[in-house]
Each structure stands twice: as structure tokens, then as C-alpha cells.
2 protein chains.
Amino acid sequence: MTSGANLLAVIERQRSELNKSESKVADAILRNPEEATRSSIANLATQAGVSEPSVNRFCKKFGASGFPDFKLQLARSLASGVRYVSRAVEFSDDINTFPRKLFDNAISALMTAREDLPLVAIERAVDHIAQARRVFFFGLGTSAAVARDAEHKFFRFNVPVSTHEDAMMLRMLSASGGVGDVFFFISHTGRTRVLVEAAQLAKNTEATVVSLTHEGSPLAAQSHCCINVDVEEDTDQYLPMTSRLVQLVILDVLAAGVTLRRGESFTPYLARIKDSLKETRFPPS
Amino acid sequence: MTSGANLLAVIERQRSELNKSESKVADAILRNPEEATRSSIANLATQAGVSEPSVNRFCKKFGASGFPDFKLQLARSLASGVRYVSRAVEFSDDINTFPRKLFDNAISALMTAREDLPLVAIERAVDHIAQARRVFFFGLGTSAAVARDAEHKFFRFNVPVSTHEDAMMLRMLSASGGVGDVFFFISHTGRTRVLVEAAQLAKNTEATVVSLTHEGSPLAAQSHCCINVDVEEDTDQYLPMTSRLVQLVILDVLAAGVTLRRGESFTPYLARIKDSLKETRFPPS
DNA sequence: GACTGTATGTAATAAAACTACATATACTAT
DNA sequence: ATAGTATATGTAGTTTTATTACATACAGTC
């Protein structure tokens, strides 16, 4: 059976296809996974209302060599932070619970993204940016902040970079694209009309359209190169959170990619930029 | 002894202060932690060249209830991805390695931060923001993008929010503070003169100064309430990365905190804001 | 309604971990 | 230097825990 990264998720998925005693064990574990990692096989058997060998068989079914090994994998699964479902903040939460939940969600989103990185698209995007004459980062709303962050990264590569949020500017700039121009669109949904239309305008020029957005979205359709980030935002949550974090890290990856492309001789240049800030700061005590 | 989040790191740190047999055990574990999680106490004792009770004592010394519990914690520690040191990108890296490294670093930074959240400061900051007449988010460079992100979150709470990057505006606005004004400064180093000076100006008014910055920094010293984020950026890396992610999640936490403070009746209001975007998007296919 | 295969449990066995105690080593004070 | 004391480590027995082999129960099929 699947020896996936996340045991807990695997159990949950298989939950319905288990026979009677197996599902009792599954329930007992899912009810309190943390406790399961700490209890003995006898204890868990009692909790589940089955015999010890049933628990043992259950463990083997899920790829473990036995109960202790199963507990180990379970502990890993728990520690990895990839909780089955990311936990939404409830109004009953207090200061001791909700900050942790939000961090858990963020970590979980990054871990999920890490497992399934669109390396090909990333590599192509790096190519485009590394060779670009100029780069525009376009994003609205939360993605505007991401675009701004990208601007603060990519200007370092000796390429003119800019960010814009004005819908009119977006259209005009997009239409003004030429060979060597990269229009980089950032959007969680990939459905924002303004952006999609701007992407379309840009695509009708000689410029290259790169996007960091949802797979199969209208924006993706208008892109020469689309980096998929399919993080599911918790829809109950009214504030966008996790998706932008993944976007930011992907942009870090792109920046690192361009740095590597520039080669080792480029490092002093980056160092010079960093050093330029020295005098704006109070010296370390 | 310390029951820190990362057992492996704790062992490594204490390595020098252990007695003979203990250090033998530590070595055996550090030599191959992965294997240690799988082996029996007898096996590990042989590997280390000590007796079984010595291993057992070692486990207890590090906060475990016994050997099995120790293995569990070790497994967690390994799975958490919080490897001893976060791995820097090298010029020899290729597309298969460096993106993963960057994600690992990001995750690791969030996990570290999660273990040591400054809950008291967070709670106080939430109080201040929830009761604010208006809020200013000030950050420069990378932190400007973070401030922008914060603006996109906090405007939802019926409080006038703004972000500024112009050094002159920062000073003038800070000096203009009054009762109920919250000046929220964001800075990784906490040493940026412009920000520290603005914070000082704000502190001389009736306004409240909140900062999201490094503990013990000049900026922290000028704050009524300082949320510490002591993420160590990899200094070899010329691009700031991890610290801003932690800052962003902390801001999410603050936003969630304010939402909870507003109470359940506030949700429809948030929903309305979210819904306002519907017509700007292409409908889902 | 008997047959066959699977599912589950019982009880014995084996493995692993722990505890109490014994011995050895290092350190201190005379 | 040496006896005394405290700490460190190991031995052996006990207890807990997990596994295996086997028996029984149940479900589905002819």
C-alpha cells in the first residue's frame, strides 16, 4: 500500500475502503493521532475495540514493519505539519491556539507546494527573466504586495524592473511590449479580468508572458510560460494567506535561479547592493 | 533538560557537556539519526559501545520518558525538516536541488518561529490595532512589500490604514500622531535609521508604537510593544528571504486576532468585502 | 445449507525496555 | 597517599510490549 509522505492523509483517504476492524483502528487513530503515537498496541486496541493483532495487521497494511514502526511513521507524519486538513481559525479559538493554526497552515501550504514543484516551468521562467531586456511584475490586491516584493528582488539583476497596479497602465504597458520584454503576472485565481486582458494584450506583442497562477485558469491560457501554484486557500477564511506565501517562495526560487544563471562572478555585484545599505543603519551594538 | 522542538539540534548543542558513555550514545545517534529511529535499544547500545541502561538514561536526560518515546521525538525532529542548519544555495546546485532548498529554508524558518511565538506581544498588538483610530504601516525595502501586504489585510477592519515609504512622509506622519494612532514599524534588522527615527518621533506623541522587528534592536527600544522575530537570514544569501515570510505570517496572526476581537457578527462584513471582487473576475469554468 | 475464503480473536512466544542493584571510576578531604 | 563519597556505568532479572501461530467466527457462493 501507498508509502506516501503523509501517513495520516493516506489513512484518511483509504478510510472508506477498510473492513470493520480496520476502520475501527483507523477511527481510533484519526480521533487522536498524537495520542496514538504515544500509546501501546494494547492501549490502542482497547481504544478501537479490537484485538491487538488487528492493530498489528492494520499497521502492516499501511506499509509499516510493525506497530512501533507505524508509530514512528505516524509521528513523522504529525511533525511534518502536513495536517490532514489545514485547520481553520474558529471564533472559539484563543491566543494559545489560533497563532499556531495559522503557522501550521502556512507551513503545510509550503510543504504541499514543495512536493510538487513545477520545475520545468520554473526553469523556463528563469531563462526568460535572465535574458530579459526589461521585466514587469503585475499583480493586484494581495498579489500587488507580492509583485512589489518581486521588484525588490529582481532589480538586482541588472534588468529594468517595474511594478504597476493602475489598470490603465497595465493595459498600455502590456500593449507596448516588444522582443525581450517579460510580463510577469501574479494572481491566485488567474481570473482577474484586468490581468487576463493585460496578459492577452501582451501576448499579442513580441513580448513574453509569464504567469504565476492557478493551473488551467484564463490567465494561464494567455501565458507563454505558466508556473502553477494550486494552493487551496481556506474559503472560510476571509483573508488570503497561504497562497501568497507560496508565490513569494517561488519568486525566491526564480531569483535564485537567475543568480545561478549569472554565475559566480555576479556575487560581488549582489554584495555591493547589499553593502549599500550599511550606512542607512545604526551599527550593531 | 531542554525539551526544545528539535531534539537533534539539542543533542548537538549539548554534545560537549556530556559524560563518556552519554557522548558515545550521542555520537552513535548523530552518526545516523535516521537509523537510530529504527533500531532497538539493544542495537543502539551496541552501536555506541555502551550498555542498554546507559542509552535509556541518555533518553531520559533529553526529556523523553524512555527509549521508545525518545525515538518518537527523534523521528519528529527528523521529519520536521528543521535540519540542524538550513542549507544555502550553492553555485553547483541545479534545478533539482536549489528550489527544494529554498522551500526547506522557508519551512524551517516558519517552524522555528512557530515554536517560540511572542504571544504576549501579539496579544497586546492586537489590542492596540483593534482599538486604533488609524494605523500606519511603515517598512522600507523588502519590508515595504510586507507593509503593503498588511495594508491589504487591515483595511478590512473599519480602520483607516496606510503605508508609506517616503522618508519625509514617515517623519511628518510620525510626528503627527495622536491618541488612538498606531504606528506599526516593520524591519528585519531594526536598525534602519529612517525607521528608528520615525519611531522615536511617534513615541514622543500620544500615539502607540508597535514594531515587528529584531529583539533588542534600536527600533524595539522605541516601541511600546515589540513583536520579536529573530529569524536568522542566511548571510551568504544576498537576497532577504525567510524573515519576511515570518513577518507576513505574524501579520496574518494579528489580522486573525483582530477578527476574533471583532466577534462573529463581523464575518458578514468581511464576506461583503470579499464578494465585492466577484465581478472583477471571469466566472469559474 | 454446506463450502470456501476472509476476517477477527485467543493464547503462547519472542522481543524489547525498564528497574533494582552491583561494581567501577573519579573526585575530595584528611 | 588513602579512605570516603559521589557519580558513572554495567549486569541480570522483571515487566511490559509486540508478534506469531493457530483457532474460531463470519460472509459470500454454489
Side-chain angles (χ1 to χ4, degrees), chain A residues 1 3 7 10-11 14-78, chain B residues 1 3 7 10-11 14-78:
Chain A
M1 199 166 267
S3 74
L7 182 57
V10 173
I11 295 174
Q14 304 271 345
R15 174 66 190 76
S16 53
E17 292 156 34
L18 299 172
N19 58 35
K20 222 187 295 175
S21 67
E22 281 170 352
S23 56
K24 279 188 204 165
V25 177
D27 286 346
I29 291 166
L30 293 171
R31 208 178 306 135
N32 195 345
E34 194 60 46
E35 193 194 317
T37 61
R38 274 180 271 107
S39 68
S40 69
I41 191 168
N43 188 329
L44 187 58
T46 312
Q47 293 279 320
V50 299
S51 69
E52 297 185 22
S54 289
V55 175
N56 194 282
R57 283 187 278 264
F58 179 91
C59 297
K60 286 182 174 165
K61 187 159 193 172
F62 283 91
S65 71
F67 184 71
D69 183 47
F70 179 86
K71 282 201 294 188
L72 238 42
Q73 287 187 223
L74 194 61
R76 277 200 198 89
S77 168
L78 286 171
Chain B
M1 199 166 267
S3 74
L7 183 55
V10 174
I11 294 173
Q14 303 271 343
R15 173 66 190 76
S16 54
E17 292 157 34
L18 299 172
N19 57 36
K20 223 186 295 175
S21 66
E22 281 169 353
S23 56
K24 279 187 204 166
V25 177
D27 286 347
I29 292 167
L30 293 172
R31 208 179 304 136
N32 194 345
E34 194 58 47
E35 193 195 317
T37 61
R38 274 181 271 106
S39 67
S40 69
I41 192 168
N43 188 330
L44 187 58
T46 312
Q47 293 280 321
V50 300
S51 69
E52 297 185 23
S54 288
V55 175
N56 193 281
R57 282 187 278 264
F58 179 91
C59 298
K60 286 182 175 166
K61 186 159 193 172
F62 281 92
S65 71
F67 183 71
D69 182 47
F70 179 86
K71 283 202 293 188
L72 238 43
Q73 287 187 223
L74 193 60
R76 277 199 198 90
S77 168
L78 287 170

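Here is how names work: the chains are called A, B, and so on, in the same order as the sequence lines, proteins then strands, and each is numbered from 1. Scope of the values below: all heavy atoms of this structure, side chains included, with no hydrogens, waters or symmetry mates.
Nucleotide D:dT7 holds its C1' atom 15 Å from the CG atom of B:Leu18, rounded to whole Å. When rounded to the nearest whole Å, the span between CG of A:Leu44 and P of D:dT19 equals 12 Å. Following rounding to the nearest Å, A:Phe58 (CZ) and C:dT8 (P) show an atom-to-atom distance of 12 Å.
Contact between the side-chain N/O atoms of A:Ser54 and the OP1/OP2 oxygens of C:dT8 is not found at any separation under 4.0 Å. Contact check, B:Asn19 against D:dT9: a side-chain N or O comes under 4.0 Å of OP1 or OP2. Taking only side-chain nitrogens and oxygens, A:Ser21 comes nearer than 4.0 Å to OP1 or OP2 of C:dT8.
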Between the protein and nucleotides 15-18 of chain C, are there any N/O to N/O pairs under 3.5 Å, and if so, what are the atom names and distances?
residue: C:dA17; atom: OP2; partner: B:Ile41; partner atom: N; Å: 2.3
residue: C:dC18; atom: OP1; partner: B:Phe67; partner atom: N; Å: 3.4
residue: C:dC18; atom: OP2; partner: B:Asn56; partner atom: ND2; Å: 2.3
residue: C:dC18; atom: OP2; partner: B:Phe67; partner atom: N; Å: 3.0
residue: C:dC18; atom: O5'; partner: B:Asn56; partner atom: ND2; Å: 3.3

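Put simply, the side chain of A:Gln73 reaches to within 4.5 Å of the side chain of A:Arg76, judged on heavy atoms.
Sequence order on DNA chain C of the closest nucleotides to B:Arg57 and B:Lys20 puts B:Arg57 first from the 5' end.
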Could you walk me through whether B:Phe62 and B:Leu74 satisfy the side chain to side chain contact (heavy atoms under 4.5 Å, CB included) test, starting with their C-alpha distance in whole Å, then the side-chain angles of each, then the deciding distance to 0.1 Å, before giving a yes or no? CA-CA 11 Å; B:Phe62 281 92; B:Leu74 193 60; over 6 Å; no

Pair B:Val55-B:Phe70, side chain to side chain contact (heavy atoms under 4.5 Å, CB included): steps then yes or no: CA-CA 10 Å; B:Val55 175; B:Phe70 179 86; over 6 Å; no

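Judged purely by atom type and a 3.5 angstrom limit, A:Lys71 uses its side chain to pair as donor or acceptor with the backbone of A:Ser39.
To the nearest 0.5 Å, atoms OG (A:Ser54) and CD (A:Glu52) are separated by 10.0 Å.
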Name every donor-acceptor pair, under 3.5 Å, that has one atom in a side chain of residues 22-30 of chain B and the other anywhere in the protein, sequence neighbours excluded.
residue: B:Glu22; atom: OE1; partner: B:Asn19; partner atom: N; Å: 3.2
residue: B:Glu22; atom: OE1; partner: B:Asn19; partner atom: ND2; Å: 3.4
residue: B:Glu22; atom: OE1; partner: B:Lys61; partner atom: NZ; Å: 3.0
residue: B:Glu22; atom: OE2; partner: B:Lys61; partner atom: NZ; Å: 3.1
residue: B:Ser23; atom: OG; partner: B:Asn19; partner atom: O; Å: 3.1
residue: B:Ser23; atom: OG; partner: B:Lys20; partner atom: O; Å: 2.8
residue: B:Asp27; atom: OD1; partner: B:Arg15; partner atom: NE; Å: 2.7
residue: B:Asp27; atom: OD1; partner: B:Arg15; partner atom: NH2; Å: 3.2
residue: B:Asp27; atom: OD2; partner: B:Arg15; partner atom: NH2; Å: 3.1

